[in-house]
Amino acid sequence: MNQKDFKPRVFSGIQPSGDLTLGNYLGAIKRFVSMQDQKFETIFCMVDLHAITVWQNPTELANSTRELCAGFIASGLDPNKSILFNQSQVPEHAQLAWIFNTVARMGWLNRMTQFKDKAGKNRENVSLALYAYPSLMAADILLYHATHVPVGEDQKQHLELTRDIAAKFNHDYNVDFFPITEPVIEGAGTRVMSLRDGTKKMSKSDPSEMSRINLRDTSEEIALKIQKARTDSDGLPSEISGLKGRPEAENLVNIYAALSNITVETALEDLGGKNFASFKRILSDLAVTELSSISKEMTRLMKDQGELDKILRQGADRAKAIASPILKETYDIVGMVR
Ligand code: TRP
């Protein structure tokens, strides 16, 4: 069946757990901001229902949700242009996820590598929700008939599952109702890696604080982390080929290019021939300048919890206005009496 035309609509989500990192900012939020200013309707969600698939301290969860909202706004997402809200305020997400639990097959979920990584040896003792996580993620996306989903490379498999769920639902109920969503996977260049190990993604769950830069780090912390970042003993090359097999050097150059909004090629034209000591000073000045204005704005926004909560509530109302008719129609298709 040919797909009908769906309106270009972007949906993406970030878990409110722990601090926001430079990786979230350069890899995700900056791209969200650029999509907001293109032809799309944009919806960005703080996925608190996903966060609780592993234990969250309730006070910290609430704080992280508000901080993520402040981080979104401080980075340039405008609540008047984009819909910003936390997932649990729109119960339709959980309702559609239940329907999708009936569509997704055990075999599909058994293949999810993120579940295997997160559960590890603890497989018998993780929550049922951690296993069902990708089905909720499919619901997040399809509840808005989203056509484009910007995510990191690590979410590619979950997006394929989302496409499989949409296709099987459409097929089983003989409808053309859910779109087959386009993944918009971040390029390798925008993927920020750990400062301690250039082959691992920068992550808020890494036990080493020195591995990541948090958006709310002080200037001193940012400078120290960059100064101590792992490198190799060569200087900086003037061409990309010179970064091959040097993941730490490549990561720092990528961060420099992303922060300056230039390509890696252009960055290397300026940087080629420098040693790491002088490059790190330039990089740390750049990072401090860009991040300190975001961090200041976040601190200011965090002082007015009432205002943040109002933004989230209004975002949830707008989200619900789109989600509710789509859930109702889904229920009709499935044969639920209402
Ligand atoms: N699973 C995503 C992550 O960990 C977060 C997420 C939840 C998401 N729902 C989503 C991303 C819907 C995009 C679309 O990064």
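Whatever order the structure lists ligands and atoms in, that order sets their numbers, starting from 1. Quick note: numbers below take in every heavy atom, side chains included, and nothing from hydrogens, waters or symmetry partners. Predicted model, so just to flag it, every value in this text is computed and none were measured.
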- Message: Run Arg163 and Glu160 through salt bridge (Lys or Arg N to Asp or Glu O under 4.0 Å) and show every step you take.
- Response: CA-CA 5 Å; Arg163 293 161 66 93; Glu160 279 156 13; over 6 Å; no

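By the 4.0 Å N-to-carboxylate-O rule, Glu153 lies too far from Lys201 to be salt-bridged with it. Residues Arg230 and Asp197 are not paired through a salt bridge, judged by the lack of any N-O separation under 4.0 Å between the basic side chain and the carboxylate.
At least one side-chain heavy atom of Lys280 sits less than 4.5 Å from a side-chain heavy atom of Ile226. At least one side-chain heavy atom of Leu243 sits under 4.5 Å from a side-chain heavy atom of Leu268.
Cluster partners of Met210, by chain and number: Leu224. The rule joins Ile, Leu, Val, Met, Phe, Trp and Tyr whenever side-chain heavy atoms lie under 4.5 Å apart.
When heavy-atom distances to ligand 1 are checked against 4.0 Å, the residues falling inside are Phe11, Ser12, Gly13, Gln15, Val47, His50, Tyr133, Met137, Asp140, Ile141, Val149, Val151, Gln155, ordered by chain and number.
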